[in-house]
Amino acid sequence: MNVNQQPHMASPYGQPQPGYQGYPQPGYGGGHVPSGYPAQYAPYNGPGSAYQQGPPQGYSPYASFPSKTLATNLVSDLSSPLDLGMRGPPTSGAPPVSGAQNYSQFGQGETQNGPPPMGAPPQRPPVSQTYTPGAVNLPGPQPPYGQQFGAPPVSMQQMTNQMASMQVGSTAPSPAGPGYAHPSVSQAAMSAPYTPAAPPTFPPASTAPSQPPPTEAVAQAPLQSYYRTLPPAQQPFPNAVPPFSSTGPTQPQAPPPVSPQSFPQAPPVSQPPFSTAQIPPGPTQLYGGPLPSTQPSFPRPPLPTSQPSAFPAGPPPTSTPSQLPGVMQPQLPVSQPSPYHSGPPLTSTGFPPQVGAPPRPPLAGMQGPPMASQGPPMASQGPPMASQGPPMASQGPPLTSQGPPMAQANHILPTQPGMPPGPINASLSGPPPQPGMQGYPPQQNGAFGQVRGPQPGYTGPYPGQPSYGAPPAAPALAPAAPKRLDPDSIPSPQASDMPPVQKTRHRIDPDAIPSPIQVIEDDKANKGSEPFTTGVRGQAPPLVTTKFQVKDQGNASPRYIRCTAYNIPCNSDMAKQSQVPLAAVIKPLAPLPLDETPPYLLDHGESGPIRCNRCKAYMCPYMQFIEGGRRFQCGFCSCVTEVPPHYFQHLDHTGKRVDCYDRPELSMGSYEFTATVDYCKNNKFPQPPAFIFLIDVSYNAVKNGMVGIVCQELKTLLDYLPRENPDVESNIRVGFVTYNKVLHFYNVKASLAQPQMMVVSDVADMFVPLLDGFLVSVSESRVVIESLLDQIPEMFADTRETETVFGPVIQAGLEALKAADCAGKLFVFHSSLSIAEAPGKLKNREDKKLVGTDKEKSLFQSQVSFYNTLAKECVAQGCCVDLFLFPNQYVDVATLGVVPTSTGGSIYKYTYFQAPSDQERFLNDLRRDVQKQVGFDAVMRVRTSTGIRATDFFGSFYMSNTTDVELAGLDCDKTVTVEFRHDDKLSEETGALMQCAVLYTSCSGQRRLRIHNMAVNCCSQLADLYRNCETDTIINFFAKYAYRSVLSSPTKNVRDSLMNQCAQILACYRKNCASPSSAGQLILPECMKLLPVYLNCMLKSDVLQPGADVSLDDRAYLRQLVSTMDVAESHVFFYPRLLPLQKLDVESMTLPVAVRDSEERLSRGGVYLLENGLNIFLWVGVNAQQELLQNIFGTPAFSQIDPSMTSLPALDNPFSKRLREIIESVRAQRSRYMKLMVVKQEDKLELIFKHFLVEDKSNNGGASYVDFLCHMHKEIRQLLS
């Protein structure tokens, strides 16, 4: 995929790219352009003393455009826009000023994004009226342009000098700017899009300092950006066609009269989509300038000399004063923050400037990496004008190929007052949509934004400019073409309907960059219909978002093991070069759907499972039987072992045992063995496990209702303890303890008439005061247990005790399990910071001042070592701890979580618990936690074939040596992530093998071994590695790696190292696997094209980049939660699912196609469901249809919807029933119950909802997807140069 950003003509700040010097331009007949500006302005050498007039700096029509063809290469061209604000390493001297430059780095033969050859077909007529600029000596009249600021430069040199004196920047332009600043009257607006905010995500990379916008815009901004009420006009109305110019005819865009080209089907003019050798068709996508279909591949012709540089985004309107840079200014009212972000303006690198730096005049055409966020105001913030800058991407023809693309819609502006009716920024309107382009831009293999050959009927990149080498275009306009994306998901309002804020333009069209939704839907279409058979080595499974059936034919199901790569490098040098992590996410007890067979349980008798003599690997399909079946050779270590006589079987003519398919261990990837006594602790079979409930009865816990709710629920829940056979009663025993500053143990022996309480007040030396009667069978002691559960809430109803202990509570449970000589689980219900005098006493150490400093890591570490020692003791006994927290203030989750996370337990947190709204969530979590399948006293070991070994492990467990992962409890939701490293070379023939063996005690007390086997391919070509990676698993690994790193490094360093690794992965691909193309193109491997968007979501998550309102406890909680997530959970956690309910078909069982997580995809007339695995939000637009509201809420009025509801009313209509079914099915897919929150548009809760619109810029300073993609592109280019 290519996000082609072509180098602008001048490299970053004027360092020319090699290969540009003065070649004749192909599009101009091989000669220099007569009397026009040279193709490339002189390099930018720092701010000048005054703004001179002339084309906006960097504006050269080509230069500032993302690429020569920027127009054409939309996304792929993140580069030039990119380059715009970036300083890259100098490559060679500045290009001669007078020579026109060749557009391509590669000379004429390979013009990447260059102008079309001379005989190009005619180009599309301009959007609103034909117009020929007067700069180049063209025949015909040339319209005069009013020039507000002095005469244009006369000579090339003068031009160069001016360019050099301008400065690129993303801050608000000064009123007297060169032709791109409007007169001061309308100036204020510019600063509007930025609102000051959090700390920069990335340090500004550009040398020129930048500075926050003028204060007037700042004053209310933060607030507004938080609780931004959308002005009524903001959301689009379906089907509105943006006017192209208010004065001229409002004509819809026309499809190109000739040869409608749909997406990247044809290879670009002279560039094969992939390199000939290494990459197979398919793996790459180029994102570059606008999408191919939309644009001609012609370069921007130079601006006419007589035209003031005021029009960075399109042909200047005839005789308009240079006041309209991009026609954008007046629209932004000063106080309106940008629609998407509230952070400080990004500097040209795309990240917020440092405060106090001198302002840099924005360059209209040259804003930082487009992505940089200033670009389109991409981030939506740049000064509007900036945003116009090069029509860059999004502006020019829309990058994507859409009519008024959506992204574009957001930026179409009405003409300014005082503007003559000229072709309004044509570039704003962009080329017409291609017929048949509804839906998402297909993201298929091949060049994303690569240049296509000239398309007949298209005008030059700026629709109003002459296209050299092509006959003049006719003025006629074709009829409007359909919009690419449906208006509900992507608003395309009339310019007049839009709130000013939204009128800024994205330089890069969000539709032209890789869409997670498109990838997910394509995978469902391609892989969801057939069963996935695991017999083929190295075959990547369907994505976690696809519903599919698995047939085990020798490798473990992807529900048990998912790998980051299914084709791993043969040697460590290749692995280091690519930087792709080699890891597996293993979920040993994963639940299976009903249509799949659970692993078979095998009993090999007294002798136990057959194993290799040397490496101790268990019998599996990779063992090779030899000598007629009398011996077998291990697939892991190659050692030959005798087959025991009772296991002998003859071989068939292919060398397989004749009973191969009768034995699961010889034909399947996953199975279980019953373990012999040799596999048990102290060589004796284990006792059935026990569950102990420890309930905090301090003042807070009683007052918020938690104690009463737990006791009431346990009366029924104890009938649902886990069991192997649903018809047989569970043999798990139960015990009860309550505590505040002291502990109360209860004797609930069946022979008692009433339960007895025993108080232990010596918490410094904890012991269990009774043995007999503490752990009992539920069925035998039911009457006494129910009596106890009725009495506990009454006994402590009037308590005044506010202090609690915590360490002794766990010690008590541990001692009870030791006394009973069994493993088990403690369910601790705790409400406050344990400050009472006792072992493990804590103090409040919440200090927001440490956030962002080197000492921040201490906040994630345990406050005292007591809990680490206690955790070790719990693991040794097989005592797993599940912690339910009900805090109203800081409770130090980082410390309290040490025991649960070391023992394989879980933490559940209900901040500000209120029974009416949180009870349902808590009870559902408790029921699932008590009932789910769980193993106790588990040990897991991962064996690998020679050449690689498991070196690092992530998850909730304890390790006493380097190979064994010890888990006091292992439930069906827990994953262990394992990283592998090379210790020798691998061969392509044999591939690489891994075997995960988990020894555990089942809930019935039986000792078992569960085995999962996985074989992957090995490759000696990097292209093969990049073709078989799984991005979702890579992100899961990166998240766990990063979230563990915050314990030892500042969060900024962690973010930087992740970005660096991602840039190295993509740069290695670009360098070694992609076909040669201009440096301006961002080329992404097909199966990793979503790596930047998902990585950005992780980088701006609350753990790594918290907003001011995120508590330390929440960060510690999320850090521990993510450490055990499987790939499906981490996927939806970082990139939530957003479903448009207005498109719900009640007759169909399928869900509506999700939309991308961005505010501009929300229609004011819609209702959307967003889920991230922890919460469900129902967002209601202010203009939602009355019928829809009536069906969902039972009221037709938006104002009557109660935002505090946590469940939908059960109405008797098909829509209500279907919606409630969807919510239940979504909840059933996740391991935690998701509370429903109704969010009304423009309500204060909307701020929380917007936090999950992860493609937008976040309030905590996180970059938008577009900005981040540009930033990554810049990093990749730096690595390559």
Side-chain angles (χ1 to χ4, degrees), residues 694-704 706-707 738-743 763-764 766 799-812 828-871 881-902 905-914 918 1043 1046-1048 1050-1051 1102-1121 1260:
L694 305 111
I695 306 167
D696 175 352
V697 289
S698 64
Y699 176 74
N700 283 337
V702 173
K703 190 182 71 171
N704 66 19
M706 179 271 281
V707 174
T738 57
Y739 67 93
N740 39 45
K741 274 205 311 206
V742 297
L743 278 77
V763 291
M766 185 45 62
T799 183
R800 284 283 164 265
E801 185 55 75
T802 55
E803 293 189 353
T804 59
V805 294
F806 183 73
V809 177
I810 293 175
Q811 284 178 321
V828 183
F829 303 90
H830 188 74
S831 69
S832 53
L833 189 66
S834 46
I835 52 173
E837 274 308 323
K841 173 186 172 179
L842 301 177
K843 59 179 193 288
N844 188 336
R845 57 169 180 169
E846 182 172 36
D847 186 355
K848 285 279 180 85
K849 292 199 223 40
L850 298 182
V851 175
T853 68
D854 286 355
K855 292 185 178 169
E856 181 178 16
K857 57 179 183 270
S858 66
L859 300 174
F860 291 110
Q861 297 164 358
S862 176
Q863 213 182 107
V864 290
S865 60
F866 169 82
Y867 292 101
N868 302 74
T869 312
L870 181 55
V881 179
D882 279 354
L883 178 57
F884 292 81
L885 290 171
F886 303 84
N888 287 336
Q889 57 203 15
Y890 180 73
V891 290
D892 200 351
V893 176
T895 302
L896 298 185
V898 168
V899 177
T901 54
S902 303
S906 307
I907 303 174
Y908 297 85
K909 183 165 173 280
Y910 309 92
T911 310
Y912 304 120
F913 179 81
Q914 290 178 313
D918 299 303
Y1043 283 18
V1046 299
L1047 293 172
S1048 52
T1051 49
D1102 290 335
V1103 174
L1104 297 181
Q1105 192 164 16
D1109 55 339
V1110 181
S1111 71
L1112 293 176
D1113 274 347
D1114 281 334
R1115 296 177 67 197
Y1117 168 65
L1118 292 174
R1119 192 191 77 75
Q1120 293 165 342
L1121 190 63
N1260 51 11

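When reading the values below, keep in mind they use all heavy atoms of this one structure, side chains included, and skip hydrogens, waters and symmetry mates.
- The nearest pair of heavy atoms linking A894 to Q861 is CB-O, 4.0 Å.
- Residues P1050 and T853 share a closest heavy-atom pair of CB-O, 4.3 Å.
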Worked verdict on T869 versus F866 for side-chain contact (heavy atoms from CB on, under 4.5 Å):
CA-CA 5 Å; T869 312; F866 169 82; 5.9 Å; no
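- Of the possible donor and acceptor atoms, none in the side chain of N740 sits under 3.5 Å from a partner among the backbone N and O of T804.
- Heavy atoms only, all atoms of each residue included: V763 and P839 are closest at O-CD, 3.5 Å.
- Taking each heavy atom of L1112 and D847 in turn, the nearest pair found is CD1-N, 3.7 Å.
- The distance from the CG atom of L1121 to the CD1 atom of I907 is 8.5 Å, given to the nearest 0.5 Å.
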Run the numbers on V1046 and L1104 for side-chain contact (heavy atoms from CB on, under 4.5 Å), then give the verdict.
CA-CA 8 Å; V1046 299; L1104 297 181; 3.6 Å; yes
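- Taking all atoms of both residues into account, the shortest heavy-atom contact from Y867 to T895 is CD1-CG2, 3.5 Å.
- Here the CG atom belonging to L885 is positioned 11.0 Å from the CZ atom belonging to F829, to the nearest 0.5 angstrom.
- Y890 places no side-chain N or O within donor-acceptor distance of the main-chain N or O of L833, the cut-off being under 3.5 Å.
- Using modelled atom types, one side-chain atom of R845 and one backbone atom of S858 make a donor-acceptor pair closer than 3.5 Å.
- Considering only heavy atoms from C-beta on, R1115 comes within 4.5 Å of V851 through its side chain.
- Rounded to the nearest 0.5 Å, atoms CG (N704) and OH (Y699) are 10.5 Å apart.
- Between the OG atom of S1048 and the CZ atom of F860 there is a distance of 11.5 Å, given to the nearest 0.5 Å.
- Residues satisfying the side-chain hydrogen bond (donor to acceptor under 3.5 Å, both in side chains) criterion with T911, sequence neighbours excluded, are K909.
- Taking 4.5 Å as the limit, every side-chain heavy atom of H830 sits out of range of all side-chain heavy atoms of V891.
- Here Y1043 pairs with nothing under the ring-ring contact (aromatic ring centres under 6.0 Å, His included) rule; sequence neighbours left out.
- In this structure, CD1 on I810 lies 7.0 Å from CG on L883, to the nearest 0.5 angstrom.
- For T1051, the side-chain hydrogen bond (donor to acceptor under 3.5 Å, both in side chains) criterion is met by E856, not counting sequence neighbours.
- Checked options Y908, Y912, F913; the residue passing with F886 is F913 (criterion: ring-ring contact (aromatic ring centres under 6.0 Å, His included)).
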Checking side-chain hydrogen bond (donor to acceptor under 3.5 Å, both in side chains) for the pair N868/S865: CA distance, chi angles, key distance, verdict?
CA-CA 5 Å; N868 302 74; S865 60; 5.9 Å; no
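- Under the 3.5 Å distance criterion, the side-chain polar atoms of D1113 are matched with a main-chain donor or acceptor of V893.
- S862 OG to D892 CG: the interatomic distance, rounded to the nearest 0.5 Å, is 7.5 Å.
- Around the NZ atom of K848, the shell of radius 6.0 Å holds more than 12 heavy atoms that belong to other residues, nucleotides or ligands.
- Closest non-hydrogen pair, I695 versus M706, comes out as CG2-SD, 4.4 Å.
- Looking at T802 and S698, their side chains never come closer than 4.5 Å, going by heavy atoms from C-beta outward.
- Using a 4.5 Å cut-off on side-chain heavy atoms (C-beta onward), L850 and L859 make contact.
- The main-chain N or O of E837 is never found under 3.5 Å from a side-chain atom of K741 such that the two would form a donor-acceptor pair.
- Listed for the E801 side chain is a donor-acceptor partner under 3.5 Å among the backbone atoms of E803.
- The closest donor-acceptor contact from the side chain of S902 to the backbone of V899 lies at 3.5 Å or more, if one exists at all.
- The closest donor-acceptor contact from the side chain of D882 to the backbone of G905 lies at 3.5 Å or more, if one exists at all.
- The side-chain hydrogen bond (donor to acceptor under 3.5 Å, both in side chains) with D696 is formed by just one residue from the set S831, S834, S832; it is S831.
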Would you sort out whether L896 and L842 count as a side-chain contact (heavy atoms from CB on, under 4.5 Å), showing the intermediate values?
CA-CA 9 Å; L896 298 185; L842 301 177; 3.8 Å; yes
